[in-house]
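Input: a single structure, listed below in structure tokens.
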Amino acid sequence: MVENEYYSQAVHGPYESFSVGDLVLEEGGTIRNCQIAYATFGTLSAAKDNAILVPTWFSGTSKIMEQAYIGPGRALDPEKYFIVVANQIGNGLSTSPHNTAWPLGMANFPKVRIGDDVVAQQRLLKGQFGIETLALVVGGSMGAQQTYEWAVRFPDAVKRAAPIAGTAKNTPHDFLYAQSLCDAITSDPAWAGGWYEQPHAVREGLRRHSRLWAVMGFSTEFYKQELWRPFGFSSVDDLMLNFLDATFLPMDPNDLLCMAWKWQRGDVSRHTGGDLSQALARITAKTVVMPISTDMFFPPADCAAEQRLIPKSELKVIDSLWGHIALFGLDAGYIEQVDRALKQLLDTPA
């Protein structure tokens with residue numbers, strides 16, 4: 001266990017924690033007294049029929065989801081809905097390698113799958129709020145992977161689903177990209193096999209990890225058109241230092257590796273013996289699949305191929321030159337398109 005001031009209420013709060021008890025993992029390990037950190041917005045109706053679940057993406061927490069997607073007048077409007085943002089296992093706020101005591105913490109932290117997150121989230125919703133059904137599950141990237149898992153695993157509980165910039169089954173290309181992120185971190189000698197003693201010791205590995213995001217996270221047109229300039233960055237170097245490095249260097253390496261491992265292995269077809277079409281056919285939710293037009297992680301063609309296998313679904317490609325990092329909500333055009341699509345989905349009878 002290491003103390004890291006980055007994962008604090010001051011930086012990511014306010015959030016609360018709920019114990020889902022002992023979580024037996026798909027890979028065979030057990031997280032005892034597993035804590036899920038969550039933030040809520042709005043009021044749960046008496047009928048408990050206005051609940052929305054928002055799972056987090058790789059490296060993200062409930063704070064970025066609040067800042068980018070939630071607010072009065074938005075699609076995710078706390079004046080209309082009860083919105084629960086659940087921090088995935090390993091993201092630093094929920095039970096994670098860095099905040100777990102010996103002997104389970106750090107490099108000994110067990111392998112976690114997307115399905116383990118969803119089981120824990122179901123326990124949270126039912127145990128803390130008595131929520132049995134969800135008006136909507138919506139998430140981006142790894143949040144989209146969790147959205148698909150929810151819709152396939154608990155079809156009766158999900159009325160609407162909106163996976164943004166993510167797939168139900170990870171592709172070989174995306175597996176390799178995520179592996180490059182892991183290799184960048186573990187290439188730093190200070191990683192010490194996952195047993196570093198200082199929270200910010202693995203600085204160079206995290207920097208290499210951040211620069212891979214510079215290559216794949218944005219689109220080529222983002223750089224050609226210098227779309228970073230309106231946000232106060234004077235050069236690409238300035239963008240990398242004061243946006244990407246500033247984002248990733250404070251994080252915990254083992255936490256990132258935990259999330260990347262399950263990102264690589266996101267796959268709802270494991271519920272149906274490897275048959276993806278059979279798995280996606282289980283979905284009864286009204287589903288809108290929203291890839292980002294210039295996303296190099298989860299390109300529209302990959303998302304469209306899955307969408308065609310989902311009953312009652314449609315494809316809405318979100319046009320943005322920001323690539324995968326459009327998810328952060330800095331592109332106003334991206335936000336306007338996502339809000340419009342989610343409002344239409346929420347207004348559609350499920």
Side-chain angles (χ1 to χ4, degrees), residues 26-27 55-60 88-91 111-118 138-152 161-187 208-220 222 244 247-248 251 253 255-271 274-277 279-280 287 289-310 315 317-318 320-328 334:
E26 286 188 28
E27 293 293 308
T56 57
W57 58 57
F58 176 82
S59 81
Q88 67 170 293
I89 297 167
N91 85 330
K111 301 300 185 186
V112 181
R113 287 207 177 244
I114 295 291
D116 298 317
D117 281 300
V118 169
V138 54
S141 194
M142 284 189 75
Q145 291 179 310
Q146 292 165 77
T147 299
Y148 277 120
E149 180 74 18
W150 261 100
V152 170
I164 306 171
T167 54
K169 180 175 182 177
N170 206 31
T171 64
H173 176 270
D174 203 55
F175 185 101
L176 291 171
Y177 174 69
Q179 188 60 48
S180 73
L181 295 175
C182 297
D183 293 344
I185 293 171
T186 60
S187 67
R208 286 191 282 273
H209 161 274
S210 135
R211 300 310 166 89
L212 287 169
W213 280 90
V215 175
M216 288 286 289
F218 296 109
S219 75
T220 56
F222 173 86
L244 292 171
T247 296
F248 288 111
M251 297 180 185
D255 291 0
L256 291 172
L257 292 168
C258 170
M259 289 183 284
W261 191 92
K262 58 177 157 168
W263 165 7
Q264 289 177 298
R265 292 160 181 83
D267 180 9
V268 298
S269 74
R270 73 195 191 287
H271 292 295
D275 187 329
L276 182 61
S277 61
L280 294 177
T287 303
V289 176
M290 288 187 275
I292 298 169
S293 59
T294 55
D295 191 346
M296 289 189 280
F297 297 170
F298 305 100
D302 291 343
C303 299
E306 293 183 341
Q307 178 268 322
R308 289 191 290 268
L309 302 175
I310 303 172
L315 182 76
V317 179
I318 307 300
S320 174
L321 297 179
W322 280 66
H324 195 69
I325 291 178
L327 286 167
F328 280 60
Y334 162 87

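By convention here, the first residue in the shown sequence is residue 1.
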Legend entry - Ionic contact status for Asp117 with Lys262, cut-off 4.0 Å: yes
Inset, instruction - Verify, without hydrogens or angle tests, whether Gln145 (side chain) and Gly166 (backbone) share a donor-acceptor contact under 3.5 angstrom. - result: no
Inset, instruction - Spell out, as yes or no, whether a donor-acceptor pair under 3.5 Å connects the side chain of Gln146 to the backbone of Ile114. - result: no
Inset, instruction - Without swapping roles, check the side chain of Ser219 against the backbone of Gly323 for a donor-acceptor pair under 3.5 Å. - result: no
Inset, instruction - Identify the residue among Arg265, Arg113, Lys111 that makes a side-chain hydrogen bond (donor to acceptor under 3.5 Å, both in side chains) with Glu27. - result: Arg113
Inset, instruction - Return the minimal non-hydrogen interatomic distance between Thr147 and Pro163, and the atom names on each side. - result: CG2-N, 4.0 Å
Legend entry - Side-chain donor or acceptor of Thr167 paired with backbone N/O of Cys303 under 3.5 Å: no
Inset, instruction - Output yes when a side-chain donor or acceptor of Asn91 lies under 3.5 Å from a complementary backbone atom of Gly60, and no otherwise. - result: yes
Inset, instruction - Could you label the plane-to-plane angle of the Phe58 and Trp213 rings as parallel, tilted or perpendicular, counting under 30° as parallel and over 60° as perpendicular? - result: parallel
Inset, instruction - Please report the closest heavy-atom contact between Ala165 and His324, naming both atoms and the distance. - result: O-CE1, 3.5 Å
Legend entry - Glu306 (side chain) donor-acceptor with Ala168 (main chain) under 3.5 angstrom: yes
Legend entry - Closest non-hydrogen atom pair between Gln264 and Ala178, with its separation: CG-CB, 3.5 Å
Inset, instruction - Could you tell me whether the side chain of Val112 reaches within less than 4.5 Å of the side chain of Trp261, counting heavy atoms only? - result: no
Legend entry - Polar side-chain atom of Asp174 near backbone of Phe298 as donor-acceptor pair, under 3.5 Å: no
Inset, instruction - Decide yes or no for Val268 and Leu276: does some side-chain heavy atom of the first lie under 4.5 Å from some side-chain heavy atom of the second? - result: yes
Inset, instruction - Indicate the atoms forming the closest heavy-atom contact of Leu321 with Phe222, along with that distance. - result: O-CB, 3.2 Å
